[in-house]
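Scroll down for the structure; my scribbles are underneath it.
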There are 2 protein chains.
Amino acid sequence: MAYRETEKMRNRKAHARKRIVECTQQRVAEGGFRNARVTAVAECAGVATGTIYRHFDSKEELFAEIFRIATQREVDKVTEALGTEGNAVVRLERALRQFAERALRAPTMAWSLIAEPVDPKVEEERLKFRRAYAELFEQAIEQGMAEGSLPTQQAAQSGTCLVGAIAESLVGPLSPSMVEAANPGENNDSHPLVDSIIDFCMQGLTGNRR
Amino acid sequence: MAYRETEKMRNRKAHARKRIVECTQQRVAEGGFRNARVTAVAECAGVATGTIYRHFDSKEELFAEIFRIATQREVDKVTEALGTEGNAVVRLERALRQFAERALRAPTMAWSLIAEPVDPKVEEERLKFRRAYAELFEQAIEQGMAEGSLPTQQAAQSGTCLVGAIAESLVGPLSPSMVEAANPGENNDSHPLVDSIIDFCMQGLTGNRR
DNA sequence: ATAAGTAGTGAACCACGATTCATTTCTTCA
DNA sequence: TGAAGAAATGAATCGTGGTTCACTACTTAT
């Protein structure tokens with residue numbers, strides 16, 4: 001035997017894989033998954049098309065990985081918001097705001113994660129993604145019920161409803177046509193939209209108008 | 001001139017068109033839009049593939065029409081529920097229940113309308129469909145505010161949130177994998193799921209726990 | 001009956017992008 | 001240095017299904 005995989009090679013491969021992942025993310029962020037053709041990703045990453053397939057079994061696998069990564073980022077942010085101090089009610093409010101504002105700040109990526117038509121494997125990841133959110137909310141709601149800051153309710157169901165209410169409210173503003181029409185310089189923070197979504201959600205949870 | 005379109009011919013064409021529409025609906029109801037290949041529809045309707053194109057410019061147009069028809073049926077049902085007697089609160093509750101229960105009764109069709117990946121033209125119709133629901137709810141909410149049965153709120157935003165909360169809650173149960181796993185004989189009415197969705201929604205609207 | 005025109009046909013065509021694989025280039029180690 | 005194997009290449013291939021269009025069958029009016 002004359003060749004054995006060495007550290008150098010492992011590094012080089014890992015590096016190439018990383019470049020492929022990054023380029024895919026970039027293209028998705030720019031124009032959604034449909035903008036991330038295998039040939040385009042390869043070119044961007046400076047490798048041949050075939051090379052993609054030395055790192056991923058298929059385009060769907062690659063996309064699923066990108067989806068997981070982007071998703072994890074978002075879920076982490078919400079987890080973080082739910083981990084701040086205060087009672088469950090204020091923490092949930094922070095989390096909902098985090099969710100909505102981050103989406104509006106990176107609308108194309110958010111649209112891809114929430115609403116872009118995708119292949120089955122990726123759709124599976126999307127369902128997991130949404131369930132992950134719903135479960136995070138569910139936990140916080142249960143804490144709220146335990147500490148008495150939230151009335152008795154079906155925590156799982158309420159969590160799902162929160163995800164749906166926000167996602168639905170964002171689908172319009174996030175859709176490519178809307179994004180394209182938006183002035184890129186405009187301030188997307190403290191969007192009045194976000195406040196009224198949150199009003200509905202918090203009332204759904206607490207029963208208290210604010 | 002020797003040939004002029006006559007009543008008989010117009011009838012025959014209308015009839016063929018209707019058969020095409022019906023077959024498409026049937027196939028969509030059975031397995032979603034991806035189950036309605038042009039060739040399959042043609043065969044089912046007893047015409048040649050090419051004939052489809054004498055009635056519709058493209059598959060997308062055909063699908064968009066099917067989508068519109070199915071959608072109109074649903075919207076009509078909700079409109080009907082909102083038109084019954086009682087104050088806005090009870091009428092909204094009836095409407096939400098109608099929405100959810102009909103979806104659970106025809107899960108594949110509901111999934112196609114709500115969540116199946118579709119082509120852009122059809123996606124456009126879907127956005128209209130969702131907006132139509134949101135607007136119906138919005139109107140009822142405004143009536144509720146006027147008559148004092150609902151507190152002041154952003155009616156449009158609340159309407160959108162209602163649509164999202166229900167749709168999201170249904171996506172899981174409606175997804176093909178779930179539907180396939182469900183016992184076809186089981187009773188989908190008075191689903192406990194529906195009650196807890198409605199609890200959340202009604203509280204979001206009224207602020208009153210029931 | 002026949003001319004003029006429309007409806008219907010379906011096999012061939014095409015667009016599109018994912019995937020493959022024979023070939024080339026590079027890496028390792030004796 | 002060179003033999004053995006791995007990695008990289010990218011043009012060619014393939015699969016899928018929508019769409020076309022030259023042709024046939026039918027309808028109408030004279």
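We name chains A, B, ... by the order of the sequence lines, and we start the count at 1 in each one. Atom set for the values below is all heavy atoms of this structure, side chains included, hydrogens, waters and symmetry mates excluded.
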Report task. Among residues two or more places apart or on two chains, list those pairs meeting side chain to side chain donor-acceptor pair (under 3.5 Å) that have a residue in residues 134-145 of chain A. Result -> Arg91(A)-Gln143(A)

Requested in this report: Rounded to the nearest angstrom, tell me the gap between atom OH in Tyr53(B) and atom P in dC13(C).
Outcome: 18 Å

Requested in this report: Give a yes/no on whether any side-chain N or O of Tyr3(B) is located under 4.0 angstrom from OP1 or OP2 of dT6(C).
Outcome: no

Query raised in the report: For Arg102(A), what residues pass the side-chain contact (heavy atoms from CB on, under 4.5 Å) criterion, not counting sequence neighbours?
Result: Arg73(A), Glu74(A), Lys77(A), Gln98(A)

Query - disulfide bond (SG atoms under 2.5 Å apart) contacts in which one or both residues fall within residues 32-70 of chain A, not counting sequence neighbours - result: Cys23(A)-Cys44(A)

Report task. Please state how far atom CG in Leu62(B) lies from atom P in dT19(D), giving the value in whole angstrom units. Result -> 10 Å

**Report entry** Arg4(A) CZ to dC26(C) C1', straight-line distance once rounded to whole Å
**Finding:** 18 Å

Query raised in the report: How long is the line joining CD of Glu5(B) and P of dC26(D), in whole Å?
Result: 19 Å

Requested in this report: Report the distance from atom CD1 of Ile52(A) to atom P of dA18(C), rounded to the nearest whole Å.
Outcome: 10 Å

Requested in this report: Could you work out which one of dG8(C), dT19(D), dA7(D) sits closest to the side chain of Lys59(B)?
Outcome: dT19(D)

What does the list of N/O pairs under 3.5 Å between the protein and nucleotides 10-14 of chain D look like, with a distance for each?
| residue | atom | partner | partner atom | Å |
| --- | --- | --- | --- | --- |
| dG10(D) | N7 | Gly50(A) | N | 3.2 |

Query raised in the report: Does anything in residues 10-44 of chain B reach DNA chain C, meaning a heavy atom under 4.0 Å, and if so which residues?
Result: Lys13(B)

Report summary line: Taken to the nearest whole Å, CZ/Arg54(A) to C1'/dT20(C) is 12 Å

Query raised in the report: How are the rings of Tyr133(B) and Phe99(B) set relative to one another: parallel (under 30°), tilted (30 to 60°) or perpendicular (over 60°)?
Result: parallel

Query raised in the report: Lys8(A) NZ to dC26(C) P: how many Å, rounded?
Result: 11 Å

Query raised in the report: Which residues satisfy the side-chain hydrogen bond (donor to acceptor under 3.5 Å, both in side chains) test with Arg19(A), sequence neighbours excluded?
Result: His15(A)

**Report entry** Between C1' of dA18(C) and CZ of Phe63(A), the distance in whole Å
**Finding:** 10 Å

Query raised in the report: For Gln25(B), which residues count as a side-chain hydrogen bond (donor to acceptor under 3.5 Å, both in side chains) partner, sequence neighbours excluded?
Result: none

Query raised in the report: Partners of Glu60(A) by side-chain contact (heavy atoms from CB on, under 4.5 Å), sequence neighbours excluded?
Result: Ser58(A), Asp119(A), Pro120(A), Lys121(A)

Requested in this report: Could I get the full list of ring-ring contact (aromatic ring centres under 6.0 Å, His included) partners for Tyr53(B), not counting sequence neighbours?
Outcome: none

Query raised in the report: Side chain of Met9(A): nearest nucleotide among dT28(C), dT28(D), dT9(D)?
Result: dT28(C)

Query - Val41(A) versus Ile20(A), closest heavy-atom pair with distance - result: CG1-O, 3.9 Å

